[in-house]
Amino acid sequence: MENKIHGEKKYDFKKAENKWQEIWDKKKTFAAKNDFSKPKFYTLVEFPYPSGQGIHVGHPRSYVALDVVSRKKRLQGYNVLYPMGWDAFGLPTENFAIKNKIKPSIVTKNNIKRFKSQLMALGVSFDWDREVNTTDPEYYKWTQWIFLQLYKKGLAYKSETMVNWCTSCKCVLANEEVVNGKCERCSNDVIHKKKSQWLLKITEYAQRLIDDLDLVNYPPRVKALQKNWIGKSVGAEIDFQTNQGDALKIFTTRPDTIFGVSYMVISPEHPFVEKWRNNIKNMSGIDEYVVASGKKSELERTDLAKEKTGIELEGIYAVHPFTGGKIPIFVSDYVLMSYGTGAIMAVPGHDARDWEFAMKYKLPVKEVIKGGDVQKEAYTDTLDGVLVNSEFLNGLKVEEAKNRIISELEKQGKGNKKINYKLRDWIFSRQRYWGEPIPIIECERCGYVPVNESELPIKLPDVEYYEPTDNGESPLTEVKEWVNVKCPKCGGDAKRETDTMPQWAGSSWYFLRYLDNHNSSCIADKKALDYWLPVDWYNGGMEHTTLHLLYSRFWYKFLYDIGVVPTKEPYAKRTSHGMILGENGEKMSKSRGNVVNPDEIVDKYGADTMRLYEMFIGDFEKSAPWSSEGIKGCKRFLDRFWGLSGILSSELEVRKELDCAFNKTIKKVTEDIENLKFNTAIASMMSLINEIYDSGKITRQELKIFSILLNPFAPHITEEIWDFCSLGKGMVCEEAWPEFDESKCIDKDIEIAVQINGKVKFKININSEDSQEEVFRLLEKNTQFKELIMGKELIKKIYVPKKLINLVIK
RNA sequence: GCUGCUGUGGCGAAAUAGGCAGACGCAAUGGAUUUAGGAUCCAUCGGUAGUUAAUACCAUGCCGGUUCAAGUCCGGCCAGCAGCACCA
C-alpha cells in the first residue's frame, strides 16, 4: 500500500539522496572558490584516521554540525572552504597489515575508499577536490620540510633521555600519549627507558602557547586544560653550597620559606649521585635505591605516590645560604629529574609531601609562616600568612617575602627568579614503519646532517616486513639499501635516520595543505594562506586538547615565526562535540555490544534523518545516548515536511497570521546555528511546522523559506521538494539565506501572567504595545483581580513589560 | 588531593540579561481510520489531593541566604563525569 502522508507523491529518500549527491559531485557545487575578493569562511573538522571499521556514529556529529554551519554560511554569501582528508599514518594500520600480510599502503587505500563513500552518503558538503592524505609522499614531503626548518632553527634535536616505552607497541611515546601510566593507544604498561630520541622544543613556545589563548575563541574548559597541561609556575632557583664544592641548584615556588628548610632531596637520576660516588659513605645502599626506583614502571611510581621512600647521602651535606647551617641531603624518587633542577629544598612545615617524608625519617619541622600547627600537619594554606623564625623576613607577608628573598638572592649571586613549566619537549621519534621518515642522515664525521630540501620527499621504502623489533630499533634499520647513503656534506658513508615521525606530525599542519593541496613548490601559495587563514571555526574532540591541538598550535607559531603563515594563531574559534554513547548510556564499544552502525541507520531512515537526529539528540557539547526510538521523531518531522508539498496553495506570500512565526523561526535558526544550539534550532522548525499544519495550508513563499532554513540540516529532501514544487530556478543551496525583521518577531496580542505575592493566579490578554498604565487599567477591570484583591492592602505593583505583573498584597 | 564541568518529568531535553519551569521530541494512555498490523490524524500526559473540573499544595540534587520574584545570583554541603596527579 502506498505510504502517503499528505503529499501527491511519496518521498523515496534513497533515490533522492543518490540523485542529489551525484548532482553535487558532478557540478562541484561545494568547491571553494579561489576568488580572494569575496568574504571567506573556513570551517574545519578534525580529519579522521581511516580505520578498518569504517565510520562510527560519532564522526557525523562533528562533520554534520560544521556542514550545517558551512551550508548556512554559503547561503549567506560567504566563500566557504570545508575540506576533508585522511590522517592515515599510524599503528592500527600497520598492525593490521602485519597480521593480514597486506601492505599498509594498500590497507590505507581501502580504508579511505570506504570512509569516503560513507561520508558522501551522508551528503556532507566537503570540497573533495582539496582532499589530503598524510601518507601521500606529495603530502609528507612538506611534513619533512617543516621538520627540516625546525632543525635549522635548533628546535629539533636528538638527545639521550628517559623516554616512555610502550612494551606492547615497542615504541616510544610522547608524555601526552601516556595516560595513567599506560599507553594511550593500547592500554599496556609504559616503562622508562633511556634512549636517544628526536625531540622538538615545544617548551620554547610554552609562554606564547599560554598567552595567545587570549587571542582565540575556545571553550573555557579547553583553555583551562591547555594551561593546566603547560603548567606554569613562578619561583626561584637557589644554589646551596655543599661540602663537595659543588653548588646544588634547586627550584622552588616558595623561596620565602627558605628558613624552614630542614633537608634537601635530589632525584635518583641526579648527576651528583654519580659525581659524589667516592665520598658517599653508604654508596651501596644508594645504588640499591637508585636501581630499584629505575625499575619502577610509570604506573608503579604513581601507585606508590602515597608511601614515600628515600635514603640519606651519608657524608654529604649542604650549607644554608643565609644561616650557614648544615643540611642533610636525601635521594628520593618523589623528586623528578625531569622537572626543575631535579633537586629541592624540603620545607616540611609548609609542604605536604615534605612533611610526610620528614615524619617518616624523623626530620625536624620548623614553622616559618604563622597560622597552622606544623607539628600536626603541613600548613600550606598561607596566602595571607606572615613570616616568622625567618631573620630579615620576619613580619613580611608571603608575597612580600618572596620578592624580598629573590632580590636578596640575586644581589648575593646565590639564586634568581625562575619560571618553570610542566610541559616537556615533544618526543618525536617512533620506532615503527608506518610513519614519515625523519629526513636526517647520520654521518660518522659530520654528525647529524639534514637531507637537502631538493631530495624531499624521503620516501618510505617499499618492504616486505615491518614488524617492530625487540631491540627497540625501527624495522627500517633492516632495509640496508635504503639506510646506507652518502653524507650530503662530506660524501662519505653515512646512514639514514630510521625512526619515523609520530602520528601527530601530519595532523599538525594538514589544514594548511587544503588551501593549495597540489602545490609542488611550497606548502601552499602565499596568497591562499593570507586569504584563508586563520581557520574561522574548528570543531573536534576534547581528547585532542593536549595532543593535536597543542602540537598544531606550536607548529603554526613556528611557521608564523619563519614567515610562512600570516597570523599568530591557527584557529580563531574552536568548539568540541560531546560523545555519542550507546543506548545504555555507556561508551560505544564492540565488547559492550552497543555499537550503532551508521550505514544501517542511513539505509533504514536516510541520510537526512540521520543528520537531523544527530543534531537534535541533545546539547552539542555534551555526550548523549543514542536512542533508536528518538530517531523516529526526526523521521516523522521530515515526512511531515515532505507532506507540505501536498497542502501547497497557489498563494505567493507569507500570510499575515504566520508572519510573526516565520520571523521568529528565522531568527532562532540563524542565531542557534552560530551558537551551536542545533537542537533548539530544529525544535523551532518543528513548532513552526505544527503551526503550519494547524492553519491547513502553506504558501509558496512560506515553503521556500522553510526549505532554505531546513536545507543545512536536511539537504537532500529540501532540494527534492524545491524541485518537485518548482519553487525556484536553481538549487536550494544556491539561494540566499532568509532575513528576519526584529520588529515582526513580537506578537501583537499577548497573554501575560498576573502573580500575587510571586505566584501565578490568572492571565490577562494585552496588546504588546500597551503602556504600563494601559496594562494596569486592563487589570483593574478584571473580575478575578477584584475578587483576589478584595479586603487586602495592595503594597506594590510590578510590571515586567510583555512578561508579567506581580502584585504584592497583605 | 587539585582543576573544570554537570545535576530539571518515565526518557532525550528547553528556559536572552532573575520574570508563567518542563518548549520540541520520544515513550505511554484513550480515540479516529484500517479486515488486521503498521503508518497517519485527534486528544491527554511532572506529582499529590479533588468526581472530570475549578482549585489548592508540592516540585529544577540537599540546606540556608538575597529579592516583589531564584533552575538562574550568593554561601555551605552531597552526588556524578572528565582532565591532571609526588610538577617542589
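Lettering of chains follows the sequences in order, A, B, ..., and the numbering in each one begins at 1.
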According to side-chain hydrogen bond (donor to acceptor under 3.5 Å, both in side chains), who are the partners of A/Glu367, at least two apart in sequence or on a separate chain? none
Rounding to the closest angstrom, what is the interatomic distance between B/U55 and B/U67 at atom P? 31 Å
As a check on the pairing definition, encode RNA chain B in dot-bracket form, counting Watson-Crick and G-U wobble pairs whose two distances are under 3.5 Å, and using | for partners outside this strand. (((((((..(((......[....))).(((((.......))))).((((.....))))..(((((..]....))))))))))))....
So with a 6.0 Å cut-off around CE of A/Met162, is the heavy-atom count from everything else above 12? yes
When we call it a touch if two heavy atoms are under 4.0 Å apart, what does A/Ile617 touch: a base, just sugar-phosphate, or nothing? sugar-phosphate
Using distance only, find each side-chain donor-acceptor pair of residues 797-804 of chain A under 3.5 Å and give its atom names and separation, not counting sequence neighbours.
residue  : atom : partner  : partner atom : Å
A/Tyr799 : OH   : A/Lys802 : N            : 3.2

Write down the protein N/O and nucleotide N/O pairs, taken from nucleotides 1-3 of chain B, whose separation is under 3.5 Å; answer none if there are no such pairs.
none

Determine, stepwise, if the pair A/Ile764 / A/Phe762 fulfils side-chain contact (heavy atoms from CB on, under 4.5 Å). CA-CA 7 Å; A/Ile764 58 170; A/Phe762 60 96; 3.8 Å; yes
A/Ile798 CD1 to B/A69 P, straight-line distance once rounded to whole Å: 8 Å
Selected nucleotide, minimal atom distance to A/Asp619 side chain, candidates B/A14, B/C68, B/A85: B/A14
Between A/Asp351 and A/Tyr379, do the side chains contain an N or O donor and an N or O acceptor separated by less than 3.5 Å? no
Find out whether A/Tyr289 and A/Thr309 are in side-chain contact, i.e. whether some heavy atom of one side chain is under 4.5 Å from a heavy atom of the other. yes
Pairwise salt bridge (Lys or Arg N to Asp or Glu O under 4.0 Å) hits with a residue in residues 673-683 of chain A, at least two apart: A/Lys72-A/Glu674, A/Lys73-A/Glu674
Taking any heavy-atom pair under 4.0 Å as a contact, classify A/Thr546: base, sugar-phosphate, or nothing. nothing
Between atom NZ in A/Lys664 and atom P in B/U16, what is the gap in whole Å? 15 Å
Round to the nearest Å and state the distance from A/Met542 atom CE to B/G4 atom P. 13 Å
Categorize A/Lys797 for me: base, sugar-phosphate, or nothing, with a 4.0 angstrom heavy-atom threshold over every strand shown. nothing
Most 5' of A/Gly340 and A/Val179 on RNA chain B, judged by nearest nucleotide: A/Val179
Can you tell me the distance, in whole Å, between the CD1 atom of A/Ile230 and the C1' atom of B/C84? 14 Å
Considering only atom C1', compute the distance from B/U3 to B/A17 and round it to an integer number of Å. 29 Å
Interatomic distance at C1', B/G19 relative to B/G64, whole Å: 23 Å
Flag the pair A/Phe357 / A/Phe330 as yes when their ring centroid distance falls below 6.0 Å, and as no otherwise. yes
A/Ser627 near the nucleic acid: base, sugar-phosphate alone, or nothing, with a heavy-atom cut-off under 4.0 Å? nothing
Nearest heavy-atom pair of A/Thr575 and A/Asn539: which atoms, and what distance? OG1-OD1, 2.7 Å
Please name the residue in the list A/Ile689, A/Asn690, A/Thr609 that meets the side-chain contact (heavy atoms from CB on, under 4.5 Å) test with A/Phe637. A/Ile689
base_contact_polar (B/C5 base, A/Lys622 side chain, donor-acceptor, <3.5 Å): no
So, is A/Lys759 near the phosphate of B/C58, with a side-chain N or O under 4.0 Å from OP1 or OP2? yes
Atom-to-atom span, CG of A/Asp694 to C1' of B/C42 - whole angstrom: 11 Å
Separation of A/Glu621 atom CD from B/G4 atom C1', in whole Å? 13 Å
Going by the glycosidic torsion and a 90 degree boundary from 0, is the base of B/G9 oriented syn or anti? syn
With P as the reference atom in both, quote the distance from B/A21 to B/A88 in angstrom, rounded to an integer. 50 Å
A/Lys761 has its side chain closest, among B/A88, B/G19, B/A56, to B/A56
Could you tell me how far B/C42 sits from B/G25 if I compare only their P atoms? Round to whole Å. 11 Å
Length of the line joining A/Phe637:CZ and B/G12:C1', which is rounded to integer Å: 17 Å
Rounding to 0.5 Å, atoms NZ (A/Lys668) and CG (A/Asn675) come to a distance of 9.0 Å
Interatomic distance at C1', B/A69 relative to B/C20, whole Å: 11 Å
Would you mind reading off the distance between A/Lys677 atom NZ and B/A14 atom C1', rounded to a whole angstrom? 9 Å
Whichever of A/Asn757 and A/Phe620 has its nearest RNA chain B nucleotide further upstream toward 5': A/Phe620
Measuring to OP1 and OP2 of B/A88, would you say a side-chain N or O of A/Tyr339 lies under 4.0 angstrom away? yes
Looking for any heavy atom pair under 4.0 Å, which part of the strands does A/Val800 touch: base, sugar-phosphate only, or nothing? base
In whole angstrom, give me the gap between the P atoms of B/A53 and B/U48. 13 Å
All heavy atoms of A/Pro712 vs all of A/Arg611, minimum pair found to be O-NH2, 2.8 Å
At their closest point, which heavy atom of A/Thr380 faces which heavy atom of A/His350, and how far apart are they? CG2-O, 3.4 Å
On a whole-Å scale, what distance lies between the C1' atoms belonging to B/U72 and B/G7? 14 Å
Around atom NZ of A/Lys360, are there more than 12 heavy atoms from other residues, nucleotides or ligands closer than 6.0 Å? yes
Do nucleotides 20-25 of chain B as a string where each nucleotide becomes B, S or -: B if the base has a protein heavy atom under 4.0 Å, S if just the sugar-phosphate does, - if no protein is that close. B--BBS
